[in-house]
J.: 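Let me give you the structure first, and then I'll get to my questions.
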Amino acid sequence: MALARILVGTSSALATLTLSGCGLLWSCTDTTAERGEAGVRVEIEDENGRPVGVTAEVPGWRREPHPQVPAEGDHIHFDIRFHGAGVLGREPAVDVCAVDKERAVLGCQTVHSAQTSGPEGAYTGDYYLGVAHPERVAEVLLIPNDQSAHDRRTCEDDIKDGGGPHPPEAPAVGERL
């Protein structure tokens, strides 16, 4: 009889823990989105490949010294425009990469639409990107995957609250886009 009460009490306690969100084992899965096709103008997409309603483009770029560190030589000075940013709280970010004529990455940086300016829906900005061989730059391309508002904690970092879909990492120098 005492054993039956213990078993009933134990299963009730386990049921209560499970129903309250406290399980004995956490199920956690990390997924990484496939990198979208790079281009001079891209429709930004979320981790599931769905458009977020914002387009980004690089309308121009040039090689020139950065005004704050001219001794470093030429950097890639590029303009960027976000169409649809700021509307309905959409503030995506994209990786911007300088590539050579074979589309091999020479350098990348992430640009957040919230760091650009202009009227709602048409944010613009200009940035400098330092690369090892600026003379080899043939294009400045955008990766369409949104890098902004997501939790980068992995299952390894936090088994309870980490995991889920993540955007791809920025391309490495030498990788082809």
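Position 1 is the first residue of the sequence, and the numbers go up from there. The figures here come from the full heavy-atom set of this structure, side chains too, leaving out hydrogens, waters and symmetry mates.
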J.: Hey, are the side chains of Val111 and Leu142 touching, using non-hydrogen atoms and a 4.5 Å cut-off?
T.: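 No; the side chains remain at least 4.5 Å from each other.
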J.: Is the shortest heavy-atom distance from the side chain of Pro51 to the side chain of Ile44 under 4.5 Å?
T.: no
J.: Determine whether a donor-acceptor pair (N or O, by modelled atom type, separation under 3.5 Å) exists between the side chain of Asn145 and the backbone of Glu34.
T.: yes
J.: Could you please spell out the steps behind the side chain to side chain contact (heavy atoms under 4.5 Å, CB included) verdict for Tyr123 and Gln115?
T.: CA-CA 9 Å; Tyr123 293 172; Gln115 296 173 332; over 6 Å; no
J.: Please find the pair of heavy atoms, one from Ile143 and one from Pro171, that lie closest to each other, and give the distance.
T.: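 The pair with the smallest heavy-atom distance is CD1-CG, 4.0 Å.
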J.: Looking at Ala93 and Ser148, what are the two nearest heavy atoms and their distance?
T.: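 Smallest interatomic distance, heavy atoms only, reads N-CB, 3.6 Å.
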J.: State, to 0.1 Å, how close Leu129 and Val96 come at their nearest heavy-atom pair, and which atoms those are.
T.: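 Closest heavy-atom pair between Leu129 and Val96: CD2-O, 4.3 Å.
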J.: Indicate whether the side chain of Glu57 and that of His83 have a donor and an acceptor atom separated by less than 3.5 Å.
T.: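 On atom types as modelled, these side chains qualify, holding a pair under 3.5 Å.
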J.: Between Val137 and Val140, what is the shortest heavy-atom contact and its length?
T.: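 Residues Val137 and Val140, closest heavy atoms: CG1-CG2, 4.5 Å.
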J.: Less than 3.5 Å apart, any donor N or O on the side chain of His66 or Tyr128 sitting next to an acceptor on the other?
T.: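 On atom types as modelled, these side chains do not qualify, holding no pair under 3.5 Å.
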J.: Mark yes or no for whether Ser113, through its side chain, and Pro92, through its backbone, hold a donor-acceptor pair below 3.5 Å.
T.: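 Checked: pair present.
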J.: Mind checking what makes salt bridge (Lys or Arg N to Asp or Glu O under 4.0 Å) contact with Glu175, not counting sequence neighbours?
T.: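 Applying salt bridge (Lys or Arg N to Asp or Glu O under 4.0 Å) to Glu175 gives Arg35.
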J.: Roughly how far, to the nearest 0.5 Å, is the CG atom of Leu106 from the NE2 atom of His133?
T.: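 Spacing of NE2 (His133) from CG (Leu106) equals 8.0 Å.
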J.: At what distance, to the nearest 0.5 angstrom, does CH2 of Trp61 lie from NE2 of His75?
T.: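 It is 14.5 Å, given to the nearest 0.5 Å.
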J.: Inspect the surroundings of CD in Glu135 and state if more than 12 heavy atoms from other residues, nucleotides or ligands are less than 6.0 Å away.
T.: yes
J.: Between Glu43 and Thr55, is there a side-chain donor-acceptor contact under 3.5 Å, judged purely by atom types and distance?
T.: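 Yes, side-chain donor-acceptor contact under 3.5 Å.
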J.: Indicate yes or no for a side-chain donor-acceptor contact from Asp146 to the backbone of Glu45 under 3.5 Å, with no hydrogens or angles considered.
T.: no
J.: Quick one, Cys97 and Leu177 - any side-chain contact, counting heavy atoms below 4.5 Å?
T.: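 Sidechains of Leu177 and Cys97: in contact.
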J.: Looking at Arg63 and Ile76, would you say the former's side chain and the latter's main chain have a donor-acceptor pair under 3.5 Å?
T.: no
J.: Are Tyr127 and Val42 joined in one hydrophobic group, where the rule is that I, L, V, M, F, W and Y side chains link up if heavy atoms are under 4.5 Å apart?
T.: yes
J.: I'd like to know if Phe78 and Val173 are part of one continuous hydrophobic network [Ile/Leu/Val/Met/Phe/Trp/Tyr, side-chain heavy atoms within less than 4.5 Å].
T.: no
J.: Report yes if some heavy atom in the side chain of Ile80 is under 4.5 Å from a heavy atom in the side chain of Val94; otherwise report no.
T.: yes
J.: Going by an N to O cut-off under 4.0 Å, is there a salt bridge joining Arg103 and Glu37?
T.: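 Looking at Arg103 and Glu37, the cut-off is met.
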J.: State whether the side chain of Arg176 and the backbone N or O of Glu102 hold a donor-acceptor pair below 3.5 Å, judged by distance alone.
T.: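 It does hold such a pair.
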J.: Does this structure show an ion pair linking Asp79 with Arg62, if we count only N-O contacts that are shorter than 4.0 Å?
T.: yes
J.: Taking the side chain as every heavy atom from C-beta outward, state whether Leu141 and Val58 have any pair of such atoms under 4.5 Å apart.
T.: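 Not in contact.
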